[in-house]
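These notes are about the structure you will find just below.
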Amino acid sequence: MADRYDLVIVGGGPAGLTAAIYGARARMKTLLIEKGRTGGQAASTEEVENYPGAGRTTGPALMQQFRAHAESLGATIVRADVAALELDRPIKTIRTRKGDEYEARAVILAPGAEPRMQGVKGEGRFRGKGVSYCATCDADFYTDLDVVVVGNGDAAVEEAIYLTKFASSVTLICIHPEGTMDANKAAQERLFATPKIKVIWQSVVEEIQGDEIVTGVLLRNLATGEQTVLPCDGVFIFVGTVPRTEFLKGTGVELDGRGYIIADPDTMATSIDGVYAAGDARRKWLRQIVTAAADGAIAACAAEKFLAEEEQVNRDLLEPEEPVLAVFWSPAVPLSIEVLRQAEQVVAGLGGQMRLARIDCYKSARTANRLGVSDVPAIMLFHKGIPLATLTEDFNHLAEWVEGHIPART
C-alpha cells in the first residue's frame with residue numbers, strides 16, 4: 001500500500017527545501033523526493049554572497065542549512081528518481097524508478113534545471129575530458145592549468161572568478177561587444193579586478209579541439225569573422241539552463257515551448273488543481289536561490305490553503321446527509337452580509353432539517369470559482385453532495401425559494 005502524505009515535493013533544491021520547511025511547519029505531513037544531491041544547482045555553487053542574512057557563504061553549506069531546517073520541522077526527505085505521476089485526481093500518485101509509490105493530496109513540482117550544452121563541435125566528445133559545466137565540481141582538476149569559460153551571465157562570471165583559485169589563467173569568451181555583459185554589476189567589477197582573468201569580447205567558440213583531452217578552442221570574432229585557435233586545458237560552459245521537466249510530459253501539467261512549467265505567479269498553481277510549481281523549472285524572469293526559495297514558500301502556503309478549502313467543501317457541502325444551504329458572501333460586499341443573516345434565519349426556522357455553510361469568497365475565491373460562482377452574494381442548495389439549485393438575485397424571497405427547492409422531507 002502506498003504511503004500517503006498531505007504534501008509531496010518533487011525536487012530538493014532551494015525551492016523544494018523551502019516548500020518542505022513551510023509545509024512541515026504548517027503541520028502538513030510532508031515528503032520531499034530528490035534524485036541527486038540535496039540542494040540542486042545551488043549545492044554546486046562555491047560562493048554565495050547575495051542570499052539575505054547569510055553573508056558570504058558556500059552553496060553546499062547554505063543548502064545543508066536548508067535541509068537541516070526542513071528535517072527539524074518534521075519533513076521527510078528521500079532519495080529517489082520519479083518515473084511517473086498521476087496528478088488529475090484528488091489523491092495524486094507518485095511512482096519512483098525503484099517501484100516505490102507515494103500518494104499526496106497536493107504536489108509541488110520543483111525539479112530545477114540543468115546546464116545547457118552549447119552544441120559546438122567537440123563538446124560532446126570531450127565532456128568529462130576537459131569540458132565541464134560545474135566549476136565547483138571540477139576546478140581542482142585544473143590546478144595550475146589554463147582554462148576557458150564560455151558565457152557572460154552571472155554564473156559564467158562568478159564561476160570564472162572561482163576558477164582563479166585553481167587555474168593558472170582564466171579566459172572568458174563573451175559574445176557581446178567590449179564592455180557589455182549580462183552579469184550583475186558587482187560581479188563584473190570583481191571580474192575586472194581579478195588579474196588572472198582575461199576577457200575576449202564579441203567572439204564565439206566554433207569548436208573544442210583535442211586528442212584524448214582538450215587542447216584548445218577555435219574562436220570566431222563576430223565583427224571581423226577572423227578565426228583563431230586559443231590553447232587551453234579545459235572549457236567551462238555557462239550558457240543557460242534547460243528545465244528538468246521531461247517526466248512531466250503527458251501528465252497534464254502545462255509547459256511552454258522551452259519545457260518550463262507554466263504557473264500562476266501569485267500562487268504557483270499549475271494547470272492541475274492541487275499541483276504547484278516552484279524554482280528554476282518554472283517559467284520566470286529571475287533564477288536565483290532567493291527567488292527559488294520565495295517560490296517554494298508561496299507554493300507551500302498555496303497548497304495548505306488548497307487543502308483547507310478542499311476539507312471545507314467536503315465537510316460542509318458534500319458529506320452531510322441533510323440538505324445544505326451554502327451562502328457565498330464577502331465582508332467587502334454589504335448586501336452579502338444581509339443575505340447571510342437572512343439565510344441563518346431561514347435555516348434556524350427549519351429546526352435542524354438543513355445545514356448552513358458559509359463560504360467567504362474573499363478568502364476562498366478558488367472554491368467559489370470551482371463551484372461556478374462568479375458574483376457575490378450567491379446561494380446554492382446541496383443535497384448529498386449534489387447541487388440542486390442556485391440563487392443569484394431576488395433574495396427578499398429566500399424563504400420561499402428554499403421551500404420550493406428543498407428535497408421532500410422524510
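Listed for the Ser132 side chain is a donor-acceptor partner under 3.5 Å among the backbone atoms of Cys134. Panel note: side chain Lys29, backbone Arg4; a donor-acceptor pair is recorded below 3.5 Å. Using modelled atom types, one side-chain atom of Arg37 and one backbone atom of Ala43 make a donor-acceptor pair closer than 3.5 Å. Side-chain atoms of Arg27 come within 3.5 Å of backbone N or O of Arg25 as a donor-acceptor pair. Gln41 places a side-chain N or O within 3.5 Å of a backbone atom of Ala113 that can act as its donor or acceptor partner. A donor-acceptor pair under 3.5 Å is absent between the side-chain atoms of Ser364 and the main chain of Ile359, judged by distance alone. When atom types are taken as modelled, the side chain of Thr93 and the backbone of Glu86 share no donor-acceptor pair closer than 3.5 angstrom. The main-chain N or O of Tyr102 is never found under 3.5 Å from a side-chain atom of Asp3 such that the two would form a donor-acceptor pair. Between the side chain of Lys196 and the main chain of Ala167, a donor-acceptor pair closer than 3.5 Å is present.
Other residues, nucleotides and ligands contribute more than 12 heavy atoms inside 6.0 Å of the CZ atom of Phe192.
Lys92 NZ to Thr251 OG1: the interatomic distance, rounded to the nearest 0.5 Å, is 11.0 Å. In this structure, Leu381 CG and Thr390 OG1 are separated by 9.0 Å, a value rounded to the nearest 0.5 Å. For the atom pair OH (Tyr260) and NZ (Lys284), the distance works out to 10.5 Å, reported to the nearest 0.5 Å.
The aromatic ring centres of Phe236 and Tyr162 sit 6.0 Å or more apart.
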